[in-house]
Student: 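Structure provided below as structure tokens; questions to follow.
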Number of protein chains: 4
Amino acid sequence: MPATDLPAAPAQPAKRGRPRSAEADEAILTAALTLVTEVGIGGLSMDDIASRAGVSKATIYRRWESKEALILDALNSGLGRYEPVDTGSVLGDLRTYIGTIAEKLRNGAKTRDLIPHLIAAATSNPALEPALDDYSRIRTQPLRELFERAVRRGELPADTDVTIAIEMFLGAMSHRRLFSDSVYDGADAERLVTYVLRALSAGE
Amino acid sequence: MPATDLPAAPAQPAKRGRPRSAEADEAILTAALTLVTEVGIGGLSMDDIASRAGVSKATIYRRWESKEALILDALNSGLGRYEPVDTGSVLGDLRTYIGTIAEKLRNGAKTRDLIPHLIAAATSNPALEPALDDYSRIRTQPLRELFERAVRRGELPADTDVTIAIEMFLGAMSHRRLFSDSVYDGADAERLVTYVLRALSAGE
Amino acid sequence: MPATDLPAAPAQPAKRGRPRSAEADEAILTAALTLVTEVGIGGLSMDDIASRAGVSKATIYRRWESKEALILDALNSGLGRYEPVDTGSVLGDLRTYIGTIAEKLRNGAKTRDLIPHLIAAATSNPALEPALDDYSRIRTQPLRELFERAVRRGELPADTDVTIAIEMFLGAMSHRRLFSDSVYDGADAERLVTYVLRALSAGE
Amino acid sequence: MPATDLPAAPAQPAKRGRPRSAEADEAILTAALTLVTEVGIGGLSMDDIASRAGVSKATIYRRWESKEALILDALNSGLGRYEPVDTGSVLGDLRTYIGTIAEKLRNGAKTRDLIPHLIAAATSNPALEPALDDYSRIRTQPLRELFERAVRRGELPADTDVTIAIEMFLGAMSHRRLFSDSVYDGADAERLVTYVLRALSAGE
DNA sequence: TACTAAACGAGACGGTACGTCGCGTCTTGGG
DNA sequence: CCCAAGACGCGACGTACCGTCTCGTTTAGTA
């Protein structure tokens, strides 16, 4: 079961029998992704995914050990990654970041419940933690690079706690989105950027 | 279905037929609350709640239109509210706040998946939004008062954006908890408080 | 609880409190009778009867101890009794009888399942036996009189077993109706009459 | 849904997917049959049948569309068929028949309500008619053979209406059983046989 | 070329929970 | 004491998914 093995073990030499269909892999992920945006994660059933993918349920369970594992993989695979832009300054970088994310959120339908649901799933099933970690890392990585670059540039103090910085910035955005289903935008976005940068600025 | 009507519509005075049992109300909420902490939200069934409360399922469904609506109400009713302490300074207030919350989270078992799950539910069922709003308001209110008091004291600028302040502070805490299942504590907690206060301090 | 007490006990002298509404009695019976012909006995619910009669369920249960008891009473009350005609001969009497019944059956809709259902109910609830006996007696009485008159006339032997005669005649009609939902008619009716009369004729 | 297809449509040969378990079929029918004799048809629940058969409810509903359809099949499958004995004369045959049936009825518990209940069910659900017809045919077939043999022997007239004969004989027995829960026996049985044979004897 | 072993689609399987319905009883306020 | 309204505990209903398990059928690599 995948869920995180991108480096994939190329170990076992002797492969006998019919190999797994790569098309099935893709069809399943695509079907899952499509359906999750159509009906939300609550209205999602394995039978539906299977029939939409033209695949049997057994074929799915041969690859993923649970519904949640599949969904996490589907999301991690389908996620349009954020390609960080180096604008030359933290301020510019953050502005660009928040703008891009905001736009992405406004266009992506039915996804508000995704993360919550997956966290809920991971909570009750430890096997999903790695996939959830991946998910988290993929989302925070660009911000981490962004802040670390700023430190290297000397824009932020050397002892900047990047983790907390990310959590403040991303956390604020998530909190607003989760509880009010709205998105940081315009003046608010600008103010959040200002606040965060001021927070990180050299103390006294 | 309740879910938020504490102010309750005093509209129609003419109540006919046998009135709803207040004991049933309470028994159900208590049972739901107990079970949710015992088995988590995923392992929760209406049959279990009903039997634990000594009540029939029909009696539950007469009051709440779905499992999630019930749980939201149960949480809102059973929530030990945070009683904000006025230490005389924002710094002290925030330190006290984060300490109290951290302790509460460490002791409360099985609750990491609660909020996510409920948000997920609210997403797919608009009828739950009010209850979710209540939930959010109850949690953010103490922080709001805390920050507003600081503004009145003159510790923070008059144009402080309290909403964003809350989102940064609470968002950071939530983000860490949700994705890493750990809690702001010790030096980290101190640094978060410092960062947030510096963010809000008069610009320039 | 009635179910059979048409002679009604005029016993108890001291009546206290509000007397039972005679209108309710009738409304209930009428509603039950109407509904039973509309939706059949299977689709019948006490709530429906109550609401159709403009009466509360408690009012019904104050009078009858169960759904089946009510239905039996409703049927016994609503049954258009067969008024036996004395044509002067058994042959004529039986011909008239079978003709009348056949016509009645052809016109009465949704009633095929009534008797079976009631027997089923009576089987599992001994309290209904008297009402079922009434039901049976009301249906068999005309035939009994018919045969006894024939014996008095000398058309049939003095030792004629009237009970068996009735069972053969009525049983044949019921059997056909229950298992094939058809009705004795025309030549078949004539032949049945012939057979039965021949059966009862003096042996040897 | 079976219900009657013993000749089974050999139509589509292409069977895909896991085939239905024959053991489940049998376990379900057996469980239904056992339970029906234990608790009667009224006290019968699908959950009980399922658990007794070690089967899930879904498995039952995959095969039969309703409780009644299942019961009909169970009865038709489990029915100890009457093995007609050729005693050499109608008189002997009928005596043997009535004796055997009477004994069977006296021993079979809780079955008085079966036929009525099933007829009631069939009335409101046309899909059950075939199964009910089977039921009826299985019960009447021995009698039909018995009478036809008598005609071939010359004991009964060539124009004997066998259907009516059956209805008179079986109808009388059913009628007594249904309305009085008693069984033809001894002198009564003898008289019924006599009456029926006399009814069928050459007229005039 | 045949053999073998795994993957495939279809769909049945045992479970668990769902939300609904009807029963017969109980509890209001009001005749 | 009756009544209409309607809530109540109970127990069964039939459905929906879960994740697993056969089936008969491809589809490779190996012999």
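In what follows, chains are A, B, ... by sequence order, proteins preceding strands, each numbered from 1.
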Student: Report the residue (B:G54 or C:A22) whose heavy-atom-nearest nucleotide on DNA chain F is the more 5′ of the two.
Tutor: C:A22
Student: Nearest whole Å is fine: how far is E:dA17 P from B:I49 CD1?
Tutor: 12 Å
Student: Could I get the full list of side chain to side chain contact (heavy atoms under 4.5 Å, CB included) partners for C:S56, not counting sequence neighbours?
Tutor: C:A58, C:T59
Student: For D:R18, give me all partners under side chain to side chain contact (heavy atoms under 4.5 Å, CB included), at least two apart in sequence or on another chain.
Tutor: none
Student: Would you mind classifying the nucleic acid contact of D:S66 as base, sugar-phosphate or nothing, using non-hydrogen atoms under 4.0 angstrom?
Tutor: nothing
Student: So, B:D25 and B:R20, do they make that salt bridge, N to O below 4.0 Å?
Tutor: no
Student: Each nucleotide N or O in nucleotides 28-30 of chain E that has a protein N or O under 3.5 Å away: list the pair and distance.
Tutor:
unit_1, atom_1, unit_2, atom_2, d
E:dG30, N2, C:R18, NH1, 3.4

Student: Once side chain to side chain contact (heavy atoms under 4.5 Å, CB included) is applied, do any residues pair with B:A31, and if so which ones, sequence neighbours excluded?
Tutor: B:I49, B:R52, B:A53
Student: Reckon C:A50 touches a base, only the sugar-phosphate, or nothing at all at heavy-atom distances under 4.0 Å?
Tutor: nothing
Student: With DNA chain F as reference, determine whether C:A58 or D:D47 sits nearer its 5' end, using the nearest nucleotide of each.
Tutor: C:A58
Student: F:dA7 C1' sits how many Å from B:W64 CH2, rounded?
Tutor: 14 Å
Student: When you measure from the side chain of B:R62, which nucleotide among E:dC8, F:dC18, F:dC8 comes out closest?
Tutor: F:dC8
Student: Taking the side chain of A:A24 as its heavy atoms from C-beta onward, which of E:dC23, F:dC8, E:dC8 lies nearest to it?
Tutor: E:dC8
Student: Is there a donor and acceptor pair closer than 3.5 Å between the side chain of C:K57 and the base of E:dG24?
Tutor: yes
Student: Using the side chain to side chain donor-acceptor pair (under 3.5 Å) criterion, which residues pair with A:T34? Sequence neighbours excluded.
Tutor: none
Student: What's the closest nucleotide to the side chain of C:K67 if the choices are F:dG9, E:dC23, E:dG14?
Tutor: E:dC23
Student: Go through the N and O atoms of the side chain of C:S56 and the base of F:dA4, and report whether any donor-acceptor pair is under 3.5 Å.
Tutor: yes
Student: Between F:dA12 atom P and B:Y61 atom OH, what is the distance in whole Å?
Tutor: 19 Å
Student: Restricting to side chain to side chain contact (heavy atoms under 4.5 Å, CB included), what partner residues turn up for D:S51, sequence neighbours left out?
Tutor: none
Student: Mind checking the CD-CG spacing from A:E38 to A:L44? Nearest 0.5 Å is all I need.
Tutor: 10.0 Å
Student: Check the distance between E:dC18's C1' and B:I41's CD1 and give it to me in whole angstrom.
Tutor: 16 Å
Student: Under 4.0 Å between any heavy atoms, over every strand shown, what does C:L44 touch: base, sugar-phosphate, or nothing? Just pick one.
Tutor: sugar-phosphate
Student: Looking only at side-chain atoms of B:M46, point me to the closest of F:dG14, E:dC23, E:dC18.
Tutor: E:dC18
